[in-house]
Chemist: 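Structure incoming, see below.
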Amino acid sequence: MRLILLGPPGAGKGTQAKSLSERLKVSHISTGDLLRDNVKRDTGLGKSARAYMERGDLVPDELVNRMLVEHLNSFGPQDGFILDGYPRNLAQAKSLDTILRGRGMDIDYVVYLDTSEAVIIQRLSGRRVCSACNINYHIKNMPPKRDMVCDKCGRPLQQRVDDREETIKNRLVVYLKEVASLIDYYEQRKKLVRISADDDAPVVLNKIIELAGRA
Ligand code: AMP
């Protein structure tokens, strides 16, 4: 199974992708996580990407595409994955086609997680992330057992720098500018399926699993 999760920041792509990868036994590829890992390790890519990410702008396609190609090098032609946060624009969608074609792979579905603006702001402003194991929490919807401490590893939770209100707004502007062309692209290829993602995570997950069963 190879799925792309498409949707605004706050649609729940990361949460859904993690659950789906466990249920469907396929890899979760998050370009945001891969980039944040590079920033944390202060690699060459991390140094180049940091400022874009802190502003909520897209990291240049060339850097992200190269990172994805390198990541996919460990995948065999039968391996499945859930792509979360990529492609972000039409150029990336076309690059992805070329990358996958070269590996004899194709995408089964592109799941568009349709989310209202009120839900996006509520989810992102309340999101907290474990600094060590990357698990997402939400101060209201999915609070940790102890205040601001990760249930799994006991390390402190943090707010992502790009989850501050001003940056959220810019991320939404960037998202809206690019998403229409992506939707058209995958609709024309009959790959796009829209799912309402305002519901709670388990409800949305079930809708996607049901869809995956049809592939
Ligand atoms: P995310 O975790 O998917 O919300 O991504 C966080 C940030 O990483 C984005 O705001 C971008 O700065 C950068 N990023 C993640 N994926 C991509 C991508 N496919 N293309 C460009 N920038 C990306």
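Not measured: the values here are computed from a predicted model. Hydrogens, waters and symmetry mates play no part in the numbers below; they use all other heavy atoms, side chains included.
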Chemist: Decide yes or no on side chain to side chain contact (heavy atoms under 4.5 Å, CB included) for S21 and S27, but give the supporting numbers first.
Modeler: CA-CA 6 Å; S21 75; S27 302; over 6 Å; no

Chemist: Between T115 and D198, is there a side-chain donor-acceptor contact under 3.5 Å, judged purely by atom types and distance?
Modeler: no

Chemist: Can L157 and S131 be said to form a side chain to side chain contact (heavy atoms under 4.5 Å, CB included), step by step?
Modeler: CA-CA 6 Å; L157 303 186; S131 50; over 6 Å; no

Chemist: Under 3.5 Å, is there a donor-acceptor pair linking the side chains of N141 and R127?
Modeler: no

Chemist: Provide the closest heavy-atom pair for D79 versus S74 in the form atom of the first, atom of the second, distance.
Modeler: OD2-O, 4.4 Å

Chemist: Looking at H138 and Q122, would you say the former's side chain and the latter's main chain have a donor-acceptor pair under 3.5 Å?
Modeler: yes

Chemist: Could you point out which residue of L5, L83, N134, D84 forms a side-chain contact (heavy atoms from CB on, under 4.5 Å) with S30?
Modeler: D84

Chemist: Between CG of L63 and OG1 of T31, what distance do you get to the nearest 0.5 Å?
Modeler: 12.5 Å

Chemist: Answer whether the closest heavy-atom distance between the side chains of V149 and P144 falls below 4.5 Å.
Modeler: no

Chemist: Are any of the side-chain heavy atoms of P77 and R103 separated by less than 4.5 Å?
Modeler: no

Chemist: More than 12 heavy atoms of other residues, nucleotides or ligands under 6.0 Å from CZ of R23: yes or no?
Modeler: no

Chemist: Show, in sequence, the C-alpha distance, side-chain angles and deciding distance for L34 and I29, and conclude whether the side chain to side chain contact (heavy atoms under 4.5 Å, CB included) test is met.
Modeler: CA-CA 8 Å; L34 292 173; I29 307 175; 4.2 Å; yes

Chemist: Salt bridge between R194 and E187, side-chain N to carboxylate O under 4.0 Å?
Modeler: yes

Chemist: Under 3.5 Å, side chain of K152 to main-chain N/O of C133, donor-acceptor pair present?
Modeler: no

Chemist: Is K191 reaching over with its side chain to a backbone N or O of I107, donor-acceptor style, under 3.5 angstrom?
Modeler: yes

Chemist: Is any side-chain heavy atom of I135 less than 4.5 Å from a side-chain heavy atom of V129?
Modeler: no

Chemist: Would you mind reporting whether V59 and L35 have side-chain heavy atoms less than 4.5 Å apart?
Modeler: yes

Chemist: I would like to know whether D162 and T167 meet side chain to side chain donor-acceptor pair (under 3.5 Å); could you show each step before the answer?
Modeler: CA-CA 5 Å; D162 59 351; T167 319; over 6 Å; no

Chemist: Evaluate the side chain to side chain contact (heavy atoms under 4.5 Å, CB included) criterion for residues L182 and L6: first the C-alpha distance (whole Å), next the side-chain angles of each, then the deciding distance (0.1 Å), finally the verdict.
Modeler: CA-CA 9 Å; L182 275 181; L6 205 62; 3.8 Å; yes

Chemist: Is any side-chain heavy atom of P8 closer than 4.5 Å to a side-chain heavy atom of R171?
Modeler: no

Chemist: Please report the closest heavy-atom contact between V204 and A197, naming both atoms and the distance.
Modeler: CG2-CA, 3.9 Å

Chemist: Do V64 and F75 sit in the same hydrophobic cluster, where Ile, Leu, Val, Met, Phe, Trp and Tyr count as joined when their side-chain heavy atoms come under 4.5 Å apart?
Modeler: yes

Chemist: Hey, is K94 close enough to D97 for a salt bridge, meaning N to O under 4.0 Å?
Modeler: no

Chemist: Could you walk me through whether K47 and D42 satisfy the salt bridge (charged side-chain N to carboxylate O under 4.0 Å, His left out) test, starting with their C-alpha distance in whole Å, then the side-chain angles of each, then the deciding distance to 0.1 Å, before giving a yes or no?
Modeler: CA-CA 6 Å; K47 285 187 177 71; D42 207 24; 3.5 Å; yes

Chemist: Give me the one residue out of D61, I99, L68 that meets side-chain contact (heavy atoms from CB on, under 4.5 Å) with Q92.
Modeler: D61

Chemist: Assess R189 against Y185: is NZ or CZ under 6.0 Å from the centre of the six-membered ring, and within 45 degrees of the ring's axis?
Modeler: yes

Chemist: Any donor and acceptor pair, going by atom type alone, linking the side chain of R123 with main-chain N or O of G10 inside 3.5 Å?
Modeler: yes

Chemist: Side chains of M105 and F81: does their closest heavy-atom pair fall under 4.5 Å?
Modeler: yes

Chemist: Is Y86 reachable from I183 through a run of hydrophobic residues whose side-chain heavy atoms are each under 4.5 Å from the next?
Modeler: yes

Chemist: Let me confirm one number: the CE-CG distance from M1 to D108, rounded to the nearest 0.5 Å.
Modeler: 4.5 Å

Chemist: Quick one: closest heavy-atom pair of P143 and Y137, and the distance?
Modeler: C-CD2, 4.2 Å

Chemist: CZ of R41: more than 12 outside heavy atoms within 6.0 angstrom?
Modeler: yes

Chemist: Considering only heavy atoms from C-beta outward, does the side chain of I4 approach that of P87 to under 4.5 Å?
Modeler: yes

Chemist: Is there a donor-acceptor contact under 3.5 Å from the side chain of S48 to the main chain of G44?
Modeler: yes

Chemist: At their closest point, which heavy atom of L124 faces which heavy atom of Q159, and how far apart are they?
Modeler: O-NE2, 4.5 Å

Chemist: Checking R55 against Y52: charged group under 6.0 Å from the ring centre and within 45 degrees of the axis?
Modeler: yes

Chemist: Would you kindly say whether S95 and N65 are connected by a side-chain donor-acceptor distance under 3.5 Å?
Modeler: yes

Chemist: Applying salt bridge (charged side-chain N to carboxylate O under 4.0 Å, His left out), run through K18 and E22 and close with a yes or a no.
Modeler: CA-CA 7 Å; K18 281 191 187 106; E22 283 162 20; over 6 Å; no

Chemist: For D199, is there an ion pair with K207 - N to carboxylate O distance below 4.0 angstrom?
Modeler: yes

Chemist: How many angstroms lie between CD1 in I120 and OG in S125, if you round to the nearest 0.5 Å?
Modeler: 11.5 Å

Chemist: Looking only at atom types and distance, does a side-chain atom of Q158 sit under 3.5 Å from a main-chain N or O of R128, one as donor and one as acceptor?
Modeler: no

Chemist: Please report the closest heavy-atom contact between A93 and Y186, naming both atoms and the distance.
Modeler: CB-OH, 3.5 Å

Chemist: Give the intermediate values and the outcome of salt bridge (charged side-chain N to carboxylate O under 4.0 Å, His left out) for residues E70 and R66.
Modeler: CA-CA 6 Å; E70 280 168 17; R66 198 177 334 132; 5.5 Å; no

Chemist: Within a 6.0 Å radius of atom CG on N73, are there more than 12 heavy atoms belonging to other residues, nucleotides or ligands?
Modeler: yes

Chemist: Rounded to the nearest 0.5 Å, how far does CZ of R164 lie from CG of N170?
Modeler: 12.0 Å

Chemist: In terms of hydrophobic clusters joined by side-chain contacts under 4.5 Å, are V111 and I209 together?
Modeler: yes

Chemist: Roughly how far, to the nearest 0.5 Å, is the CG atom of N89 from the NZ atom of K177?
Modeler: 8.5 Å

Chemist: Side chains of H71 and M67: does their closest heavy-atom pair fall under 4.5 Å?
Modeler: no

Chemist: Is there a path of hydrophobic side-chain contacts, each under 4.5 Å between heavy atoms of I/L/V/M/F/W/Y residues, joining V110 to L100?
Modeler: yes

Chemist: Can you hop from L3 to Y112 via hydrophobic side chains spaced under 4.5 Å?
Modeler: no

Chemist: Rounded to the nearest 0.5 Å, what separation is found between the CD1 atom of I195 and the CG atom of L113?
Modeler: 6.5 Å

Chemist: For the pair R146 and D151, evaluate salt bridge (charged side-chain N to carboxylate O under 4.0 Å, His left out) and give the outcome as yes or no after the intermediate values.
Modeler: CA-CA 7 Å; R146 283 196 295 145; D151 292 348; over 6 Å; no

Chemist: Looking at L172 and E117, what are the two nearest heavy atoms and their distance?
Modeler: CD1-CG, 4.4 Å

